[in-house]
Amino acid sequence: MDNTATADAPNLDCLIIGGGPAGLTAATYLMRFHRRILVVDAGSSRARWIPTSHNCPGFPSGVHGTTLLERMREQAMGYGTPIVSGCVARLEKQDEGFVATAADGQRWRARFVILATGVVDRMPALRGLEDAIASSAVRLCAICDAYEASDDSIAVYGPIDDAVRHALFLRTFSPRVSALPLDGSAPDPELAQQARDAGVTLCPVPCTMRYEPAGETADAADGVVVEFEDGSTTRFTTLYPVLGSEAQTAIATALGARCDDNAELIVDAHQQTSVDGLYAAGDLVSALNQIAVAVGHASIAATAIHNRLPRNFRERRETQPPTAPDLPTPAR
Ligand SMILES: Cc1cc2nc3c(=O)[nH]c(=O)nc-3n(C[C@H](O)[C@H](O)[C@H](O)COP(=O)(O)OP(=O)(O)OC[C@H]3O[C@@H](n4cnc5c(N)ncnc54)[C@H](O)[C@@H]3O)c2cc1C
């Protein structure tokens, strides 16, 4: 079935914008509800940065982010989900639904929309950043992977108060935690005291930071070398930048959807934004930025949408219906 629709074509039941863990889960659910949907995806899921996730349910030995995305895509496509590469630039309310327009001019009309466009991390100026993330010398999510950094020499880099708060969080995992300030601002005195009490080192502002693979020096592990103004350097095994991220909400806010102080979308218990018919799932929603959460959001949104759509009773068939085509083989 070709689900691609122009604005003149019949309505989709639901357009899903974003094909990361949230969007792909929503697609699998809605296809299994026999709904007419389409996913538009710009192809830059945050999950592609994950070297190995160890907290993703069902993967006791961990899973690489791109492997997880491939498997979720395969699962959604196994039920016939059409996935179009593209970037939705505009969403308009029209009649009983929405019209979405992609940057290349493609258009789709849908009764409901699930926005699953994620967030984009603000990255530090660090030489060799991509290799550092791939090798886990730079980590972006302490809730995801601080366990793997247990007992490492850890630095947290960001606005000083944020850096100290995260450093205190990371003390659960290592006795060697330092806070690296983004600039020369003084820390909140109470936080500074908590840092001293917890044995968190407050460092000067770094001048440069660079990734240093294992073996380039005597160190057995990969690391990040931080250079300070006085010429001294310190090597950390793990660096967590805490520079925040930008929720990809522009399409929703242009329609009046409300956000919290962190510029992330506010949703109700069914994942609906303050715009009727527009649902949101995953990192761009005000909640923990985690795969398990994104998947949970998506299943709630997809089920709520199915229940709001007109009933799609199955026709009686003369012969037993065949099993759905190309279903993926269950994993063992
Ligand atoms: C280094 C790193 C390690 C991590 N480790 C873990 C971990 O171990 N465990 C864990 O639970 N989480 C981890 N995370 C977080 C996890 O990756 C995210 O929570 C998850 O990817 C969120 O899924 P999502 O579908 O909301 O957003 P994303 O995965 O970011 O997907 C959003 C998709 O929407 C697309 N998109 C954006 N705008 C548009 C548009 N206008 N039109 C069309 N498409 C659009 C993007 O291109 C992207 O493909 C990690 C993140 C990072 C960066």
Side-chain angles (χ1 to χ4, degrees), residues 15-28 38-59 62-70 72-73 76 83-91 100-104 106 108 113-124 129-149 238-254 264-265 267 271 279-299 301:
L15 176 70
I16 299 169
I17 306 176
L24 292 172
T25 300
T28 295
L38 181 133
V39 176
V40 188
D41 182 36
S44 55
S45 166
R46 267 186 104 207
R48 77 193 190 285
W49 289 103
I50 305 175
T52 306
S53 170
H54 293 276
N55 70 352
C56 189
F59 292 94
V63 60
H64 193 288
T66 52
T67 305
L68 180 70
L69 286 170
E70 279 163 19
M72 295 185 87
R73 209 174 156 97
I83 303 181
V84 171
S85 292
C87 183
V88 172
R90 197 171 69 248
L91 193 61
T101 308
D104 65 1
Q106 288 189 83
W108 303 275
V113 170
I114 298 179
L115 197 63
T117 45
V119 303
V120 173
D121 295 280
R122 290 189 202 103
M123 297 292 195
L129 179 66
E130 290 201 13
D131 290 338
I133 295 173
S135 75
S136 300
V138 167
R139 297 177 182 272
L140 293 166
C141 168
I143 291 168
C144 305
D145 54 21
Y147 181 90
E148 277 65 45
T238 302
L239 181 121
Y240 280 94
V242 287
L243 301 172
S245 57
E246 278 168 35
Q248 303 302 290
T249 59
I251 296 170
T253 53
E264 293 181 331
L265 286 172
V267 294
Q271 298 298 131
Y279 289 69
D283 282 1
L284 84 167
V285 171
S286 177
L288 265 188
N289 291 349
Q290 292 283 287
I291 293 161
V293 176
V295 164
H297 285 169
S299 53

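Just follow the structure's listing: the first ligand is 1, and inside any ligand the first atom is 1. None of these values were measured; they are calculated from a predicted model.
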For N289, counting its heavy atoms only, list the atoms of ligand 1 lying under 4.0 Å from any of them.
15 (C), 19 (O)
Going by the order shown, which atoms of ligand 1 are within less than 4.0 Å of some heavy atom of A22?
25 (O), 26 (O)
Judged by atom type as modelled, is there a donor-acceptor pair below 3.5 Å linking the side chain of D41 to the main-chain atoms of G19?
yes
Measure the distances from the heavy atoms of D145 to every atom of ligand 1 and state whether one is below 4.0 angstrom.
no
Which ligand 1 atoms does G20 reach within 4.0 Å, using its non-hydrogen atoms?
25 (O), 29 (O), 31 (O), 33 (C)
In terms of atom number and element, which parts of ligand 1 are under 4.0 angstrom from non-hydrogen atoms of V40?
43 (C), 44 (N)
Element-labelled atoms of ligand 1 that are located less than 4.0 Å from some non-hydrogen atom of L140:
1 (C), 53 (C)
Side chains of P241 and V138 in contact at under 4.5 Å (non-hydrogen atoms)
yes
Looking at CG of L69 and CD1 of I291, how far apart are the two atoms once the value is rounded to the nearest 0.5 Å?
8.0 Å
G86 touching ligand 1 at heavy-atom level, < 4.0 angstrom:
yes
Which residue and non-hydrogen atom of the protein lie closest to atom 39 (C) of ligand 1, and at what distance in Å?
T117 CG2, 3.4 Å
Pairwise distance CD(E70) to NE2(H64) - rounded to 0.5 angstrom
9.5 Å
Please determine if I133 has a nitrogen or oxygen closer than 3.5 Å to a nitrogen or oxygen of ligand 1.
no
Tell me if a side-chain donor or acceptor on S135 pairs with a main-chain N or O of D131 at a distance below 3.5 Å.
yes
Numbered atoms and elements of ligand 1 in range of I17, under 4.0 angstrom, heavy atoms
40 (C), 42 (N), 43 (C)
Could you identify the single nearest non-hydrogen protein atom to atom 16 (C) of ligand 1 and state the distance to 0.1 Å?
I291 CG1, 4.0 Å
Is a side-chain donor or acceptor of R122 paired with a backbone partner of L243 at a separation under 3.5 angstrom?
yes
Looking only at N/O atoms, are W49 and ligand 1 under 3.5 Å apart anywhere?
no
Side-chain donor or acceptor of Q248 paired with backbone N/O of V119 under 3.5 Å
no
shortest atom 9 (N) of ligand 1-to-protein heavy-atom contact is with N55 OD1, 2.7 Å
Under 3.5 Å, N or O to N or O, is S44 touching ligand 1 that way?
yes
Closest to atom 52 (C) of ligand 1 (heavy atoms only, candidates E148, R46, M123) is R46
Tell me the protein heavy atom at minimum distance from atom 20 (C) of ligand 1, and give that distance in Å.
D283 OD2, 3.9 Å
Within the 3.5 Å criterion, strictly below it, is a donor on Q290 or N55 matched to an acceptor on the partner's side chain?
yes
For atom 8 (O) of ligand 1, what is the closest protein heavy atom, and at what distance to 0.1 Å?
S53 OG, 2.9 Å
To the nearest 0.1 Å, how far is atom 23 (O) of ligand 1 from its closest protein heavy atom, and which atom is that?
P21 CD, 3.4 Å
the protein heavy atom lying closest to atom 3 (C) of ligand 1 turns out to be I50 CG1, 3.5 Å
At what distance, to the nearest 0.5 angstrom, does CD1 of I251 lie from SG of C87?
7.0 Å
Out of V88, D41, V39, whose heavy atom sits nearest atom 40 (C) of ligand 1?
V88
One should read off an interatomic distance between L284 CG and L115 CG, to the nearest 0.5 angstrom, of 5.0 Å
For atom 45 (C) of ligand 1, which of the options A287, A100, A42 provides the nearest non-hydrogen atom?
A42
Could you tell me whether a side-chain N or O of T28 sits under 3.5 Å from a main-chain N or O of L24, the two making a donor and an acceptor?
yes
Looking only at heavy atoms, which two atoms of V39 and A27 are closest? And how far apart?
CG2-CB, 3.7 Å
Sub-4.0 Å heavy-atom approach of I251 to ligand 1:
yes
Taking C-beta and beyond as the side chain, do E264 and V285 meet within less than 4.5 Å on heavy atoms?
no
Heavy-atom contacts with G282 under 4.0 Å: which atoms of ligand 1 show up? List them by number with element.
26 (O)
Identify which of S85, A116, P57, G23 has a heavy atom lying nearest to atom 33 (C) of ligand 1.
A116
For C87, the ligand 1 atoms with a heavy-atom partner under 4.0 Å come out as 40 (C), 41 (N), 42 (N), 43 (C)
Indicate yes or no: at least one non-hydrogen side-chain atom of F59 is less than 4.5 angstrom from one of L68.
yes
So for C56, does at least one of its heavy atoms come nearer than 4.0 angstrom to any atom of ligand 1?
no
Please round to the nearest 0.5 Å and tell me the distance separating atom CH2 of W108 and atom OG1 of T101.
8.5 Å
d(H297 NE2, L265 CG) to nearest 0.5 Å is 11.0 Å
the protein heavy atom lying closest to atom 12 (N) of ligand 1 turns out to be C144 SG, 3.5 Å
